[in-house]
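Take a look at the structure set out below.
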Amino acid sequence: MYKEPLGVKVDFNTGVIPGAKKIVRRLSDMKGYFLDEKSWEELVKKEDPIVYEVYAIEQEEKEGDLNFATTILYPGKVGKEFFFTKGHYHSKKDRAEVYVALKGKGGMLLQTPEGEARWIPMEPGTVVYVPPYWAHRTVNTGDEPFIFLAIYPADAGHDYGTIAERGFSKIVIEENGEVKVVDNPRW
Ligand code: M6P
Ligand code: ZN
């Protein structure tokens, strides 16, 4: 009748959560996500790098319960575009989420269903509140793994559809050695 409480030790240096479900996303799993399709194809053929890994402790999809997960987002670029997570809305659209940055450097792109975007820079210690209804994607703008913890309702679910098709209205690129958040020319 009562679930058993649990404590796990998250390794803040590697992002690993012992006993968690592990998901690995390689560049080949992200076809159509990056602007520069030629660079994407070349890099997939050359080494098909791991873009990110997720360690998730998930509960049954029930209202009131919570999941948590670490993500290790590796450094890299496809053309000018920094490596990022796929990004998603929640299937239950009014579910919020909290992220805590643990290591490395990056940021979060958020977007309303109407395409209004925000960029929140993240470094170790940054806590980001993702309000209900906002799609969210994290981006590694540094040269070491960007590691963060996310806490989200167990019944939130992941809706990848629209982001997979259209992306975000902004992209995060490196130009003349600078990190720039610019309009997505394909939007
Ligand atoms: C965070 C959480 C997870 C999510 C993961 C990777 O850890 O938001 O729910 O799965 O990031 O992001 P995505 O699912 O967009 O690939
Ligand atoms: Zn989410």
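Atoms within each ligand, like the ligands themselves, are counted from 1 in listed order. What you see is a predicted model; the values in this text were computed from it and never measured.
The closest side-chain heavy-atom distance from Y33 to F84 is below 4.5 Å. Side-chain atoms of V139 and W119, non-hydrogen and from C-beta on, do get closer than 4.5 Å to each other. For the pair P113 and T162, the minimum side-chain heavy-atom distance is 4.5 Å or more.
With waters left out, the protein N, O or S atoms under 2.8 Å from the Zn ion (ligand 2) add up to 4.
The existence of a salt bridge linking E37 and R186 is confirmed by a sub-4.0 Å separation between a basic side-chain nitrogen and an acidic carboxylate oxygen.
The hydrophobic cluster containing W187, built from Ile/Leu/Val/Met/Phe/Trp/Tyr side-chain heavy atoms closer than 4.5 Å, comprises no other residue.
Contact residues of ligand 1 (protein heavy atom closer than 4.0 angstrom to a ligand atom; sorted by chain and number): Y52, V54, A69, T71, T85, K86, G87, H88, E97, Y99, A150, Y152, H158, Y160.
Qualifying salt bridge (charged side-chain N to carboxylate O under 4.0 Å, His left out) partners for K180, counting only residues two or more places apart in sequence or in other chains: E175.
Crowding of K86 atom NZ: a count of heavy atoms from other residues, nucleotides or ligands under 6.0 Å exceeding 12.
Side chains of H88 and H136: a donor-acceptor N/O pair is present below 3.5 angstrom, by distance only.
Of the possible donor and acceptor atoms, one in the side chain of T85 sits under 3.5 Å from a partner among the backbone N and O of T138.
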